[in-house]
Amino acid sequence: MSNENFKELYVGELKDLYSAENQLVKALPKMAKVAFSEELRAGFEAHLEQTKGHVQRLETIFESLNESPKGKKCAAMEGLVEEGSGAAEEDFDDAVLDAALIGAAQRVEHYEIAAYGTVCEFAKVLGETKHASLLEKTLQEEKQTDEKLTKLAKEINVQANEARSPKELDEAKPGRRAPKHAA
Ligand code: FE
Ligand code: FE
């Protein structure tokens, strides 16, 4: 078959995405758990549910291809998740932590947007129109998630810049022990 190699490339990229989405199913609850903003936490939880749907759509595609979705590990997503959890472990104040989490989450969404854009176009060329429409749905959800994160970042970054944490304010009250950095 003349397009055998291109189809193999397509299947390989889908496997990579299957690994990436499954890594996110594990990472998103952790991000939701540490998020300070209620809205951000709810956003991570909502995207977790969407992400489970992304896994299912890929499974539907693999069933129709009669192929296993397993066998690849997405090293890029592993790195993005690792960097994100590194940010979560830093000793940031509440809104600063959230700003870092949003930055990590948007890197993830941008990776997914690139990857789904690629496989969606591959599917079209291969004549896999049902795959293309499933992949397009996921692509749109990733884009919407990225836009929501951008909106949220606009509020949270301002808070991160101006707010002192309640702990810091509490410590600064008269009669309280002064914060360590106060001279
Ligand atoms: Fe996804
Ligand atoms: Fe996503």
Side-chain angles (χ1 to χ4, degrees), residues 9-65 67-89 97-126 128-157:
L9 174 66
Y10 173 60
V11 173
E13 300 250 334
L14 289 173
K15 286 187 182 211
D16 199 73
L17 266 170
Y18 187 73
S19 161
E21 295 283 20
N22 277 296
Q23 290 183 52
L24 290 171
V25 168
K26 287 184 192 157
L28 280 164
K30 293 176 192 166
M31 293 171 82
K33 203 177 163 190
V34 294
F36 177 73
S37 150
E38 184 62 24
E39 211 180 335
L40 182 59
R41 188 190 57 73
F44 284 144
E45 282 172 357
H47 196 54
L48 172 63
E49 291 315 305
Q50 280 186 323
T51 300
K52 289 176 185 170
H54 300 170
V55 170
Q56 280 173 356
R57 283 186 191 131
L58 290 170
E59 282 169 352
T60 302
I61 289 171
F62 278 102
E63 271 165 35
S64 90
L65 286 165
E67 292 255 7
S68 164
K70 292 180 182 161
K72 264 202 164 193
K73 181 158 209 174
C74 180
M77 190 56 73
E78 203 177 15
L80 289 172
V81 167
E82 198 183 307
E83 280 198 10
S85 55
E89 281 160 18
L97 169 67
D98 282 354
L101 288 175
I102 291 173
Q106 287 198 281
R107 283 173 175 81
V108 166
E109 294 314 314
H110 281 239
Y111 177 82
E112 290 186 290
I113 290 164
Y116 276 103
T118 297
V119 287
C120 193
E121 292 308 309
F122 283 11
K124 285 179 199 165
V125 170
L126 288 162
E128 300 281 8
T129 48
K130 281 187 182 168
H131 297 189
S133 72
L134 286 170
L135 296 167
E136 179 65 33
K137 278 184 196 161
T138 298
L139 177 60
Q140 290 312 318
E141 287 175 3
E142 311 293 16
K143 286 182 179 172
Q144 286 159 9
T145 301
D146 181 53
E147 282 165 19
K148 279 187 202 164
L149 287 166
T150 296
K151 271 191 198 152
L152 211 45
K154 286 191 195 296
E155 299 163 28
I156 285 174
N157 292 345

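Residue numbers count from 1 along this sequence. Order of appearance sets the numbers: ligands from 1, and atoms from 1 within every ligand.
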Task: Side chain E67, main chain V11, donor-acceptor under 3.5 Å - done: no
Open item on the list: Just to be sure I understand the site: which N, O or S atoms from the protein are less than 2.8 Å away from the Fe ion (ligand 1)?
Closed with: E21 OE1, E21 OE2, H54 ND1, E112 OE2, E142 OE2
TODO: State plainly whether the residues E147 and K151 are in salt-bridge range, i.e. N to O under 4.0 Å.
DONE: no
TODO: Evaluate the ring planes of H131 and Y10, with Trp represented by its six-membered ring, and classify them as parallel (under 30°), tilted (30 to 60°) or perpendicular (over 60°).
DONE: parallel
Open item on the list: Among E142, R57, H54, which residue satisfies the side chain to side chain contact (heavy atoms under 4.5 Å, CB included) criterion with K137?
Closed with: R57
Open item on the list: By the side-chain hydrogen bond (donor to acceptor under 3.5 Å, both in side chains) test, which pairs, at least two apart or in different chains, include something from residues 74-84?
Closed with: K73-E78
Task: V108: which of Q106, H110, E112 passes side chain to side chain contact (heavy atoms under 4.5 Å, CB included) - done: E112
